[in-house]
Structures are given as C-alpha cells and as structure tokens.
Asks: 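My questions will all concern the structure given below.
Atom set for the values below is all heavy atoms of this structure, side chains included, hydrogens, waters and symmetry mates excluded.
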Amino acid sequence: MENISFDRVLFKTAFAVMACDGEIHRNEISLFKNIAKTNPYFLNLDFENELKSVVDDIKSQGINYIENYLKVLQKFEIKEKQKLLLVEVILKIIEADKKIDDNELKFLNTVTSILNLNEQFLIMKFPKHLNYFLDMSKFGDNLEFKNGNTKIEGVEVIN
C-alpha cells in the first residue's frame with residue numbers, strides 16, 4: 001500500500017474495518033458500494049477490481065492486512081475533512097451488519113488515535129455514536145486484533 005491515494009486509503013479503510021470481526025458480510029459490501037456511488041473520491045476507482053483485490057489480500061494476509069493498513073495510515077498525510085470521512089465510513093460499516101464487535105471498536109479507536117482526533121471532537125462531530133467514543137482507552141494502544149482467543153487467519157465473505 002505504498003504511494004497510495006486517498007480514495008484507495010478510504011477503500012482499504014472500509015475493508016479493514018469489515019475484516020476486524022473475521023467476517024465480511026454482504027450487507028457491509030452493499031453499504032460500501034452505495035457510499036462509493038455517491039462519493040466523488042471514488043469516481044475514478046474501478047470498484048469491482050479493487051474489491052476483488054482487497055478481498056484476496058485480506059484472505060491471504062488475514063490480520064496482517066489490518067496491521068499493514070494501520071502502518072500505512074500512520075505515514076499518510078491526511079486533511080481534516082478526509083479524517084472525518086474516514087471516521088464516518090468506519091462508523092457506517094461498523095453498524096452495517098447490526099452487530100458491534102469489540103475488534104471493530106478497537107479499530108475505530110486505533111484509527112482515531114492515528115489521526116489525532118480526540119474524544120470530545122469526535123462526540124461533537126458524531127453525537128449519535130457517543131457510546132463508541134466514550135472510554136475508548138479500554139482498548140489500549142495495542143495494534144493486535146483478535147477474534148475471540150485466536151488471531152484472524154482469513155476472512156470469509158458471508159451471505
């Protein structure tokens with residue numbers, strides 16, 4: 001993910017949060033397709049090819065995909081509006097499968113920490129998601145994501 005544009009970072013963000021719980025649900029993909037259709041950042045992105053590439057990467061790399069993504073995000077120069085868009089996409093994906101997983105909240109916490117967004121600012125911008133931002137310190141700074149007691153080895157696309 002070297003020398004990457006914001007549209008690809010945003011795309012990879014969505015799939016990294018989908019993969020956090022060890023499953024990529026079709027409704028998460030459908031939601032993101034709708035986001036991509038209405039977002040000008042994705043006008044020049046070949047969604048289907050990018051989707052296939054990302055899902056293949058996640059299946060082959062497992063948890064390393066998420067950890068590598070976070071390392072790239074740490075080095076990526078990002079504008080304030082883009083930070084908010086990243087968080088907004090993460091929040092939508094977290095809620096897409098109607099199941100909030102601790103790994104998804106940990107991912108949100110890690111990304112907002114990397115982006116230097118504080119809790120109060122996030123609550124002001126996303127008041128409906130207040131509970132996701134309160135006491136985020138319980139997740140710590142550890143970038144290791146786990147599914148139960150085992151590391152995510154691969155990701156299955158769920159119907």
Side-chain angles (χ1 to χ4, degrees), residues 1-36 39 41-42 44-79 82-117 122 129 132-133 135-159:
M1 288 193 275
E2 305 277 328
N3 295 329
I4 189 168
S5 60
F6 179 70
D7 59 346
R8 296 197 71 216
V9 168
L10 188 57
F11 196 94
K12 291 177 183 301
T13 299
F15 283 88
V17 72
M18 286 180 209
C20 283
D21 63 0
E23 301 171 336
I24 295 178
H25 291 266
R26 295 227 182 265
N27 53 342
E28 291 172 327
I29 294 173
S30 294
L31 171 79
F32 188 64
K33 279 184 180 181
N34 288 334
I35 291 170
N39 191 302
Y41 280 110
F42 297 114
N44 297 317
L45 197 67
D46 182 346
F47 189 89
E48 294 303 322
N49 281 336
E50 199 68 33
L51 172 63
K52 182 184 178 335
S53 174
V54 168
V55 170
D56 289 346
D57 287 348
I58 292 170
K59 284 182 176 181
S60 66
Q61 297 174 28
I63 193 65
N64 290 331
Y65 176 87
I66 298 167
E67 292 170 352
N68 290 335
Y69 160 81
L70 292 170
K71 288 176 186 173
V72 168
L73 186 61
Q74 288 173 334
K75 297 175 186 171
F76 192 78
E77 206 169 304
I78 187 165
K79 299 173 185 167
Q82 293 171 330
K83 290 178 182 182
L84 292 175
L85 182 57
L86 275 176
V87 173
E88 181 180 351
V89 166
I90 292 169
L91 291 170
K92 287 180 179 181
I93 299 295
I94 285 174
E95 294 181 332
D97 64 359
K98 309 291 187 225
K99 182 182 109 187
I100 311 303
D101 185 90
D102 278 351
N103 281 330
E104 293 168 330
L105 295 177
K106 183 176 182 177
F107 180 83
L108 173 65
N109 177 53
T110 303
V111 169
T112 57
S113 176
I114 289 169
L115 298 176
N116 292 317
L117 298 172
L122 291 166
H129 300 93
Y132 299 167
F133 302 119
D135 196 26
M136 293 181 75
S137 62
K138 71 179 183 176
F139 294 109
D141 293 327
N142 185 353
L143 294 184
E144 184 176 321
F145 287 85
K146 294 185 178 182
N147 187 6
N149 292 325
T150 60
K151 285 194 174 191
I152 299 170
E153 296 299 331
V155 176
E156 182 180 350
V157 178
I158 305 294
N159 290 325

Asks: Quick one, V54 and Y65 - any side-chain contact, counting heavy atoms below 4.5 Å?
Replies: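 Yes - at least one pair of side-chain heavy atoms lies under 4.5 Å apart.
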Asks: Can you name the residues that form a salt bridge (charged side-chain N to carboxylate O under 4.0 Å, His left out) with E95, not counting sequence neighbours?
Replies: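 None.
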Asks: Heavy atoms only: give me the nearest L45-E50 pair and the separation to one decimal.
Replies: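 Looking at all heavy atoms of both residues, the shortest contact is CD1-OE1, 3.9 Å.
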Asks: In a check of side-chain contact (heavy atoms from CB on, under 4.5 Å) between T110 and each of L115, L70, L73, I66, which one passes?
Replies: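 Exactly one candidate clears the test, L70.
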Asks: Could you tell me if the side chain of L10 sits less than 4.5 Å from the side chain of F42, heavy atoms only?
Replies: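 Yes, their side chains come closer than 4.5 Å.
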Asks: Holding to side-chain contact (heavy atoms from CB on, under 4.5 Å), I want the full list of residues that pass it with K33, two or more places apart in sequence or in another chain.
Replies: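 Checked K33 against side-chain contact (heavy atoms from CB on, under 4.5 Å); matches are I29, F47, E48, L51.
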Asks: For the backbone of I35 and the side chain of N39, can you confirm whether one donor and one acceptor N or O come within less than 3.5 Å of each other?
Replies: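 Checking the backbone N and O of I35 against the side chain of N39, no donor-acceptor pair under 3.5 Å is found.
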Asks: Would you please indicate yes or no on a ring centroid separation below 6.0 angstrom for F76 and Y69?
Replies: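 No, the ring of Y69 stays outside the 6.0 Å limit from the ring of F76, centre to centre.
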Asks: By the definition side-chain contact (heavy atoms from CB on, under 4.5 Å), identify the one residue from T112, L105, L108, L85 that meets it with I90.
Replies: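 For I90, the side-chain contact (heavy atoms from CB on, under 4.5 Å) check succeeds only for L108.
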Asks: Checking K99 now: which residues fulfil side-chain hydrogen bond (donor to acceptor under 3.5 Å, both in side chains) with it, not counting sequence neighbours?
Replies: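 So K99 forms no side-chain hydrogen bond (donor to acceptor under 3.5 Å, both in side chains) with any residue.
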Asks: State, to 0.1 Å, how close V55 and F15 come at their nearest heavy-atom pair, and which atoms those are.
Replies: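 Reported closest heavy-atom pair: CG2-CE2, 4.5 Å.
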Asks: List the steps, then state whether side-chain contact (heavy atoms from CB on, under 4.5 Å) holds for K12 with V72.
Replies: CA-CA 11 Å; K12 291 177 183 301; V72 168; over 6 Å; no
Asks: Quick check against the 3.5 Å criterion: does Q61 have a side-chain atom that pairs as donor or acceptor with the backbone of I58?
Replies: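 Not at all, since once roles are kept as given, no pair shorter than 3.5 Å links the two residues.
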Asks: First locate atom CD1 of I24, then atom NZ of K59, and finally report the distance between them rounded to the nearest 0.5 Å.
Replies: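 I24 atom CD1 to K59 atom NZ measures 8.0 Å (nearest 0.5 Å).
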Asks: Tell me if the centroids of the rings in F32 and F11 come within less than 6.0 Å of each other.
Replies: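 They qualify: ring centres under 6.0 Å apart.
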Asks: For A14 versus I93, what's the shortest heavy-atom pair and its separation?
Replies: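 Answer, listing the atom of A14 first, then I93: O-CG2, 4.0 Å.
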Asks: Check ring-ring contact (aromatic ring centres under 6.0 Å, His included) between F6 and all other residues, then give those that pass, not counting sequence neighbours.
Replies: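 So F6 forms a ring-ring contact (aromatic ring centres under 6.0 Å, His included) with Y41.
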Asks: Apply salt bridge (charged side-chain N to carboxylate O under 4.0 Å, His left out) to D56 and list each qualifying residue two or more places apart in sequence or on a separate chain.
Replies: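 Only K52 meet the salt bridge (charged side-chain N to carboxylate O under 4.0 Å, His left out) criterion with D56.
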Asks: Applying side-chain hydrogen bond (donor to acceptor under 3.5 Å, both in side chains), can you list everything that pairs with N116, at least two apart in sequence or on another chain?
Replies: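 In terms of side-chain hydrogen bond (donor to acceptor under 3.5 Å, both in side chains), with neighbours along the sequence ignored, N116 is linked to no residue.
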Asks: At their closest point, which heavy atom of D97 faces which heavy atom of N27, and how far apart are they?
Replies: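 For D97 and N27, the tightest heavy-atom pair comes out as CA-ND2, 3.4 Å.
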